[in-house]
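Values below: all heavy atoms of this structure, side chains included; hydrogens, waters and symmetry mates excluded. Please read all numbers here as calculations on a predicted model, not as lab measurements. We count residues from 1, following the sequence as given.
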Amino acid sequence: MPRPQPEITTADRLRAAGGFFANLDYIQLFAVLGLLGIGLIFIYSTGSAYGIRGTFAFYRQLQWIGLGGLLWLAGTLINYRSVDFRLLTIPAYLAVIVLLILTLKFGTRVYGATRWIAIGSIRIQPSEFAKLAMVLLLSVVFSVPRFDVNRWKGIFISLLIFIPPFFLVAKEPDLGSSVVMIPAYLGIVFCAGLKWRYILVSSILVLVIGSAAVLNETMQIHPFLRAYQRDRIKVFLNPESDRLHRGYNAYQARLAVGSGGVLGKGIGKGEQNNLGFLPHTVANNDFIFSVIAEETGFAGAFVLIVLYGFLLYSIWRTAFYAAEPLGRYIAVGIGCVMIYHIFVNIGMTIGVAPVTGVPLPFVSYGGSFMLTVMAACGVLQSIYRHRRIEL
C-alpha cells in the first residue's frame, strides 16, 4: 500500500515562505523598485505637460509593471537548474524568431522602421524579447557537458543561435537592439573560457571587418546602413552640423541636461519638455534621462546612476556565486545587455554616444522592454536563490 503523505500544515507553509524571502537578492530588489519609482514619476511628469492623453502613458506603464512583476515572480520561483527550464529555452527562442519574421512581413511601420507587431490594441516589439531568448539559449548550450567553445564546432553552433535574431532585428531596421546582442554574445563566450589566442585573432578580424565596413559606408559601395542611420553617426561626430534636423533631439537633450544645474528646476517644471523642445514622442522613452537631469539636476542624475550601480553589482555578484556555469553565463549575458542599455541611453543624451532607440532599463516608457528586463531579473533571482556559496 502507498505510504500516506504527511499533511502540509500552516507552519510548514510559513517556513517555506520564510525561506523564500530569506534567500532573495534584496540589493537587486531595492535597485529595481527605486528605478521603477523614478520611471513612473518622470513618465507622469513628461505626460502631464500634454494633458490627459499624455498621462495615459503613466497608467499604461503601471499595467506593464504589474505584468512584469508576475514574470519576475515566475522567474524567481522557477529552478533555473531544472531540465524543464533548459528545455523551455528552445521553444522560447523559436517563438521569438517566428515573431521577428512575422514583424518583418506584417508589422506596423513607424518612422521608416518595422519593429512592432499589433496584437489587438497592444503593440509589442519582439526585438526586445530576442535579447533575453538569445542569452538563455546560448547559456544552456554553452553549459552542456563536453561543449567546448575553443573548437570550431562549438563556435559554429553558437553562431547559429546568435546570427538569426541579430540579422532579423537589423533588417527591421533596429540597429540599436541588434548591436546589443554582440556584447551579450561576446560576454558569454569569454566567460565560457575562450582562449586568449582566439580572442586576439577575433579582435584582429573585427578590426579588419570594421575598417572595411567604414570604408564601404564612406564610399557608398554597397551600404548596409540606412540614410538616417548614417546621418545620426555624422551628427554624433559633428554635433553642430545639423542642429535643426537630424541633430535636433540630441542637441535639445544636451541643453536639458546642462540646464538642470545641481538640484534641477523641480519635477514637472522642465522647460525643454513643457515647451515641446523635447518632443513628447521621445521625452518619456529615449530621452527620459534628459528630463530627469533637467528637473532634478546633478543630484537626481547621481541617485539614478547609483541605483544602476547597485543593480549591476547584484548581477555580477550573482554571476560570481552561481552554483554552476549555466547561472554564470546567464548573469553575464544579462549584465552585458544592461550595461549597453544604460551606457548608450545616457550617453546619447550627453553627446558621448550616437542617438539610437535604446530604452533606459526600468525607467523608460515601453512594455516589451519592461517585460524583458523584469523576466530577466526574475531569472537572476532564481540563480541567486540556488547559489552554492553562502555570502
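- Within the 6.0 Å centre-distance limit, the rings of Phe30 and Phe310 are counted as a close aromatic pair.
- A search for side-chain contact (heavy atoms from CB on, under 4.5 Å) contacts involving Leu33 returns Leu29, not counting sequence neighbours.
- Across all non-hydrogen atoms, the minimal contact from Leu24 to Arg385 is CD2-CD, 4.1 Å.
- Looking at Ser382, its side chain does come within 3.5 Å of a backbone N or O of Tyr80 through a donor-acceptor pair.
- For Asp25, the salt bridge (charged side-chain N to carboxylate O under 4.0 Å, His left out) partners are Arg317, not counting sequence neighbours.
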Test log, rule side chain to side chain donor-acceptor pair (under 3.5 Å), inputs Ser143 and Glu324: CA-CA 8 Å; Ser143 64; Glu324 59 181 358; over 6 Å; no
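- Checking Glu295 against Ser45 by side-chain atom types alone, a donor-acceptor pair falls below 3.5 Å.
- Looking at Asn285, its side chain never comes within 3.5 Å of a backbone N or O of Ser364 through a donor-acceptor pair.
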Where do Ser158 and Val149 land on the side-chain contact (heavy atoms from CB on, under 4.5 Å) test, with the steps shown first? CA-CA 9 Å; Ser158 68; Val149 71; 6.0 Å; no
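- When all heavy atoms are compared, the tightest approach of Met374 to Phe362 is SD-CE2, 3.7 Å.
- The closest donor-acceptor contact from the side chain of Tyr365 to the backbone of Leu40 lies at 3.5 Å or more, if one exists at all.
- The minimum heavy-atom distance between Asn79 and Phe85, with the atom names listed, is O-CB, 3.7 Å.
- In this structure, Ile117 and Pro126 approach most closely via the heavy-atom pair CG2-CG, 4.0 Å.
- A search for salt bridge (charged side-chain N to carboxylate O under 4.0 Å, His left out) contacts involving Arg146 returns nothing, not counting sequence neighbours.
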side-chain contact (heavy atoms from CB on, under 4.5 Å), that's the test. Do Ile342 and Ile346 meet it? Break it down for me. CA-CA 6 Å; Ile342 296 166; Ile346 295 178; 4.0 Å; yes
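- No hydrogens or angles considered: a donor-acceptor pair under 3.5 Å links the side chains of Gln252 and Gln272.
- Inspection of the Gln61 and Asn284 side chains reveals no N or O donor paired with an N or O acceptor under 3.5 Å.
- Closest non-hydrogen pair, Gly68 versus Leu371, comes out as N-CD2, 3.6 Å.
- In terms of modelled atom types and a separation under 3.5 Å, the side chain of Asn274 and the main chain of Gly268 share a donor-acceptor contact.
- Judged purely by distance below 3.5 Å, without hydrogens or angles, the side chains of Asp174 and Ser177 pair a donor atom with an acceptor atom.
- Pairs passing the ring-ring contact (aromatic ring centres under 6.0 Å, His included) check and including a residue from residues 125-151, sequence neighbours excluded, read Phe142-Phe147.
- Not one N or O on the side chain of Arg86 forms a donor-acceptor pair closer than 3.5 Å with the backbone of Val83.
- Contact record, Ala133 with Ala92: CB-O, 4.4 Å, taken as the closest heavy-atom pair.
- Applying the side-chain hydrogen bond (donor to acceptor under 3.5 Å, both in side chains) rule to pairs touching residues 371-381 yields Gln28-Gln381, sequence neighbours excluded.
- For residues 328-358, the set of pairs meeting the ring-ring contact (aromatic ring centres under 6.0 Å, His included) definition, not counting sequence neighbours, comprises His341-Phe369.
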